[in-house]
Trainee: 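Before I ask anything, let me first share the structure, which is written out below as structure tokens.
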Amino acid sequence: MSTITETSAVSSSDSASPRPTPPRRASAFSAAQLAQALPGAVRKLDPRQMVRTPVMFIVEAGAALITAIAIAEPFLGGPQASGGSEVPPSFTWLIAGWLWLTVLFANLAESVAEGRGKAQASSLRQARTGTTARVVRDYAPETDPGAWRATVTAVSSSEVARGDIVLIEADETVPGDGEIIWGIASVDESAITGESAPVVRETGGDRSAVTGGTRVLSDRIVVLITSQPGDTFVDRMIRLVEGAERQKTPNEVALNILLATLSIVFTVVVLTINPIASSSDVTVSVPVLVALLVCLIPTTIGALLSAIGIAGMDRLVQHNVLAMSGRAVEAAGDVTTLLLDKTGTITYGNRRASEFITVADADRHELIAAAAQSSLSDPTPEGTSIVDLAVTEGFVRKEVDGDVVPFSARTRMSGVDFVDGSSVRKGAGSAVREWVTAASGMVTAELGETVDRISQSGGTPLVVAVRDVTGRARVLGVVHLKDVVKEGLPERFAELRSMGIRTVMITGDNHLTAQAIAAEAGLDDYLAEATPEDKMRLIRKEQEGGSLVAMTGDGTNDAPALALADVGVAMNTGTSAAKEAGNMVDLDSDPTKLIDIVRIGKQLLITRGALTTFSIANDVAKYFAIIPAMFTGALPGLAALNVMQLHSPSSAILAAIIFNALIIVALIPLSLRGVKYRAASASSTLNRNLFVYGLGGIIAPFIGIKAIDLVLSLVPGF
Ligand SMILES: Nc1ncnc2c1ncn2[C@@H]1O[C@H](COP(=O)(O)OP(=O)(O)OP(=O)(O)O)[C@@H](O)[C@H]1O
Ligand SMILES: [K+]
Ligand SMILES: [Mg+2]
């Protein structure tokens, strides 16, 4: 039996200020990583896995076929001549070996990319240390939220399921994701966010979500668990970074289909060569045909495609962003409008009451008492801070009996209807004005001036009014709620502007407050007095206009908008409803994180494009290496194609195959690091990459194949 005493009000200034978190691990690519990834690469040779990447599957099938031929050859009188010219005895084995290496290098690229995620996953697994959770059986919150009786039983945290109510005290690990239903505490979320500064989590409002695996540092909280065992946020994060849940992005799927189609076309072409060449009674040996096929199909991009995708998602994790869908990552690359929620996103979100201001001849103590009474059961940060301020001005808490009218983003008001028929309300100026005039009350010009003065300073005015038993209402005054804009926003929004992204703040707050905050934060536009429907309407309008829309938000009333946006980034400090609705979660709760997300999205698209260009281009040179080598005996005229003056048909073919394999390893670092992204216009970036990777793709193999051929010419038999 444990009774809960009133907690000390924890200093609730959220200290996690948004600063771009440095990527957690150097993205350098080292030989050690290669060695570590080798076992994984060998395991991936399993044909059932290889079939996922058709291009490399064809290479593996070719490698298996030629290995069989190489084994059978000695019993068939040695390697078959090809194209009318003899081949060295080890030729077939060499082709088979390098084809196996080609497939192995492709798998190596993927397992190196996955390796970094695996490291991240193992550090996350530590966070999930199996603890015991204290589940409350008959939780019954009494009228005074500070004291309730409960029976607490200890269960292992892996059994805690959705709907359980758990008590968590200082130095205990949160057993699962949930919402705080009682209390306030400072929580260490470094296991998730890597940010060791403790954050405040409290019941009510937009900062009531806690994540399984984090640690309560002070006080105690009662949490309603919302996650199922094995499917907590950390579990999903682990599956995501391990690539298990990595969904292929639409661009990647389309490219895979293109590559597979190209490979099938080339396979058919190669299969028709002998029938066509049979007129000049020359046959090309199967090893040479397969070598030609492997050089023609886009093996370079086929081998690196998944590594590029995994590395892109991993770069997001390094920036503390969890992308639940690959599509969102790519959409981020093309976003042109960013909608930002105000409270909790642009500002710290724990709006605090700073001053009571009476209007007309209202009595100050009456104002303070009314404001406090309308907030005793208001769990939002606004409500609790009003009570705190009232207590410092002499208000004595005492139970009020009446019906609590909770705050809603639609009514934009909260209050109490007392049993004696009188009522009190606090809320947005426009909402309370309507309530007062509907009860035949008067609203003075002075009220408007006070409301505007507070709003112009960026504060949120909450008007307080009472209605007496006769039904007449009157305004007592205004509570000045202070909101603090997160620092460093103007320059970050300027950066977004340079990337062609317009920033719009949408808030339920009034116009003047919105205008003041938007100006202070350096935003392009704002929409004030927005209800959740207004936020969604604005997103639809932008999307119909052809823009891809990104939205950041933290509150439950942002959830529908986050779900509708092409890129919905939920703040980690937000409610679990917001995190469920978004397709990304920013663990740093930094509204300008979208800059990094857009940059990574663009970089992913550019890297994939650049390496595809390089891959197609570098296949061209192989025509000049292999075609003449295949037919020198029969069609001497083709020798003119041998611009590289390669040593012999066998060395030419083998050199092409070796280059085709080595180029994959050479491009692994670029695939993992990504092509450098500059905030420039899309067309100039495209032209630059076509030039660098197109021309580079044409020239590199001529040099590479010639160099390898020179080495081979030193080997006896070639
Ligand atoms: N606890 C509350 N009780 C009464 N009125 C409130 C309370 N909290 C907010 N309000 C009023 O309702 C308005 C709308 O609140 P809402 O949460 O929708 O938007 P916001 O918090 O001001 O901004 P944002 O949409 O960025 O969160 C606020 O601007 C404020 O005037
Ligand atoms: K190729
Ligand atoms: Mg709000």
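FYI, side chains are in, hydrogens and waters are out, and symmetry mates aren't considered; it's all heavy atoms of this structure. Worth saying up front: this structure is predicted, and the values here are computed from it rather than measured. Just so you know, ligand 1 is whichever comes first in the structure, and atom 1 is the first atom listed for that ligand.
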Trainee: Lys535: heavy atom below 4.0 Å from ligand 1, yes or no?
Mentor: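 Contact check Lys535 vs ligand 1: positive.
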Trainee: May I ask you to check whether Gly302 brings an N, O or S atom to under 3.4 Å from the K ion (ligand 2)?
Mentor: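 Within the cut-off used here (under 3.4 Å), Gly302 places no N, O or S atom near the K ion (ligand 2).
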Trainee: Once you restrict to heavy atoms under 4.0 Å, what part of Lys426 touches ligand 1? Side chain, backbone, both or neither.
Mentor: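 Both backbone and side chain of Lys426 come within 4.0 Å of ligand 1.
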Trainee: State the atom name: nearest N, O or S atom of Asp619 to the K ion (ligand 2).
Mentor: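 Of the nitrogen, oxygen and sulfur atoms in Asp619, the K ion (ligand 2) lies nearest to OD1.
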Trainee: Nearest non-hydrogen atom to atom 11 (C) of ligand 1 belongs to which of Leu462, Asp378, Ile517?
Mentor: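 Heavy atom nearest to atom 11 (C) of ligand 1 belongs to Leu462.
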Trainee: For the metal site, I want the angle between atom OD1 of Asn660 and atom OG1 of Thr299 with the K ion (ligand 2) at the apex, to 10°.
Mentor: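 The two atoms form an angle at the metal of about 70°.
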Trainee: May I ask you to identify, for Asn510, whether its side chain, its backbone, both or neither come under 4.0 Å of ligand 1 on a heavy-atom basis?
Mentor: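 It is neither part, as no heavy atom is under 4.0 Å.
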Trainee: Any N or O of Thr380 that comes nearer than 3.5 Å to an N or O of ligand 1?
Mentor: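 Yes, since at least one N or O of Thr380 sits under 3.5 Å from an N or O of ligand 1.
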Trainee: Taking NZ, NE, NH1 and NH2 as the nitrogens, is one of them in Arg410 or Glu533 under 4.0 Å from a carboxylate oxygen of the other?
Mentor: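 Yes, Arg410 and Glu533 are salt-bridged.
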Trainee: Examine the proximity of ligand 1 to Thr345 and report which part, side chain or backbone, both or neither, has a heavy atom under 4.0 Å away.
Mentor: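 Contact part for Thr345 vs ligand 1: neither.
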Trainee: Using a 3.5 Å distance criterion without hydrogens, assess whether the side chain of Ser671 forms a donor-acceptor pair with backbone atoms of Leu667.
Mentor: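 Checked: pair present.
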Trainee: I'd like to know if the side chain of Ser430 pairs up with that of Arg412 as donor and acceptor (distance under 3.5 Å, no hydrogens or angles considered).
Mentor: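 Short answer, yes.
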Trainee: Please identify each residue that fulfils side chain to side chain contact (heavy atoms under 4.5 Å, CB included) with Leu641, with sequence neighbours left out.
Mentor: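 Leu641 satisfies side chain to side chain contact (heavy atoms under 4.5 Å, CB included) with Phe624, Ile627, Pro628, Leu638 only.
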Trainee: Can you sort out which atoms of ligand 1 are near Arg351, meaning under 4.0 Å from one of its heavy atoms?
Mentor: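 Per the distance check, 9 (C), 20 (P), 21 (O), 22 (O).
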Trainee: Any sub-3.5 Å donor-acceptor pair from Ser354's side-chain atoms to His480's backbone N or O?
Mentor: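 Confirmed, Ser354 side chain pairs with His480 backbone.
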Trainee: Side chains of Asp534 and Thr531 only: does a donor on one sit below 3.5 Å from an acceptor on the other?
Mentor: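 A pair is found: one side chain offers a donor N or O, the other an acceptor, under 3.5 Å apart.
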Trainee: Counting only heavy atoms from other residues, nucleotides and ligands, does the tally under 6.0 Å from CD of Glu434 exceed 12?
Mentor: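 Count not over threshold, so no.
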Trainee: Just to be sure I'm reading this right: ignoring hydrogens, which of Thr343, Asn557, Val479, Val463 gets closest to atom 17 (O) of ligand 1? Compare them by their nearest heavy atoms.
Mentor: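 Among Thr343, Asn557, Val479, Val463, the closest heavy atom to atom 17 (O) of ligand 1 belongs to Asn557.
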Trainee: How many angstroms lie between atom CE of Met505 and atom CD of Gln515, to the nearest 0.5 angstrom?
Mentor: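 Here the rounded value is 9.5 Å.
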Trainee: Using modelled atom types and a 3.5 Å cut-off, is there a donor and acceptor pairing between side-chain atoms of Ser455 and backbone atoms of Leu512?
Mentor: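 The answer is no, because no donor-acceptor pair under 3.5 Å joins these two groups.
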Trainee: If you count the atoms of ligand 1 from 1 in the order shown, which ones are under 4.0 Å from a heavy atom of Asp341?
Mentor: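 With Asp341 as reference, the close atoms of ligand 1 come out as 24 (P), 25 (O), 26 (O), 27 (O).
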Trainee: Just let me know how Ile346 lines up against ligand 1, side chain, backbone, both or neither, with a heavy-atom cut-off below 4.0 Å.
Mentor: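 Neither; nothing of Ile346 gets under 4.0 Å from ligand 1.
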Trainee: For Thr507, take its heavy atoms, then give the atoms of ligand 1 lying under 4.0 Å from any of them.
Mentor: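 Every atom of ligand 1 under 4.0 Å from some heavy atom of Thr507: 20 (P), 22 (O), 23 (O), 24 (P), 25 (O), 26 (O).
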Trainee: Do any nitrogen or oxygen atoms of Gly508 lie less than 3.5 angstrom from nitrogen or oxygen atoms of ligand 1?
Mentor: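 N/O-N/O distance under 3.5 Å: yes.
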Trainee: As a check for students: among Gly415, Ala428, Gly383, identify the option with a heavy atom nearest to atom 31 (O) of ligand 1.
Mentor: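 The option holding the nearest heavy atom is Ala428.
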Trainee: Donor-acceptor pair, distance only, cut-off 3.5 Å: does the side chain of Thr444 make one with the backbone of Leu447?
Mentor: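 Yes, Thr444 side chain to Leu447 backbone: donor-acceptor pair under 3.5 Å.
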Trainee: Between Asp417 and Arg425 (salt bridge meaning N to carboxylate O under 4.0 Å), is one present in this structure?
Mentor: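 Yes, this pair counts.
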Trainee: Indicate if the distance from the K ion (ligand 2) to the nearest N, O or S atom of Val294 falls below 3.4 Å.
Mentor: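 So Val294 does bind the K ion (ligand 2) by this criterion.
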Trainee: Looking only at heavy atoms, is any part of Glu382 under 4.0 Å from ligand 1, and if so is it the side chain, the backbone, or both, or is it neither?
Mentor: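 Looking at Glu382 and ligand 1, just side chain atoms fall under 4.0 Å.
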Trainee: Stepwise, does the salt bridge (Lys or Arg N to Asp or Glu O under 4.0 Å) test hold for Asp388 with Arg352?
Mentor: CA-CA 9 Å; Asp388 293 346; Arg352 313 301 298 165; 3.7 Å; yes
Trainee: Give the atoms of ligand 1, by number and element, whose distance to some non-hydrogen atom of Gly427 is under 4.0 Å.
Mentor: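 Contacts of ligand 1 toward Gly427, numbered from 1: 4 (C), 5 (N).
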Trainee: Give the contacting part of Asp558 toward ligand 1: side chain, backbone, both or neither, where contact means a heavy-atom distance below 4.0 Å.
Mentor: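 No part of Asp558 is near ligand 1 at this cut-off.
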Trainee: For Asn660 and Ile663, work out which heavy atoms get closest and say how close.
Mentor: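 For Asn660 and Ile663, the tightest heavy-atom pair comes out as O-CG2, 3.4 Å.
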Trainee: Hey, does Met505 sit under 4.0 Å from ligand 1 if you only count heavy atoms?
Mentor: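 Met505 does not count as a contact of ligand 1 under the 4.0 Å cut-off.
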Trainee: Would one find an N or O of Asp509, backbone or side chain, under 3.5 Å from an N or O of ligand 1?
Mentor: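 Between Asp509 and ligand 1 (N or O atoms, distance only) the closest approach is under 3.5 Å.
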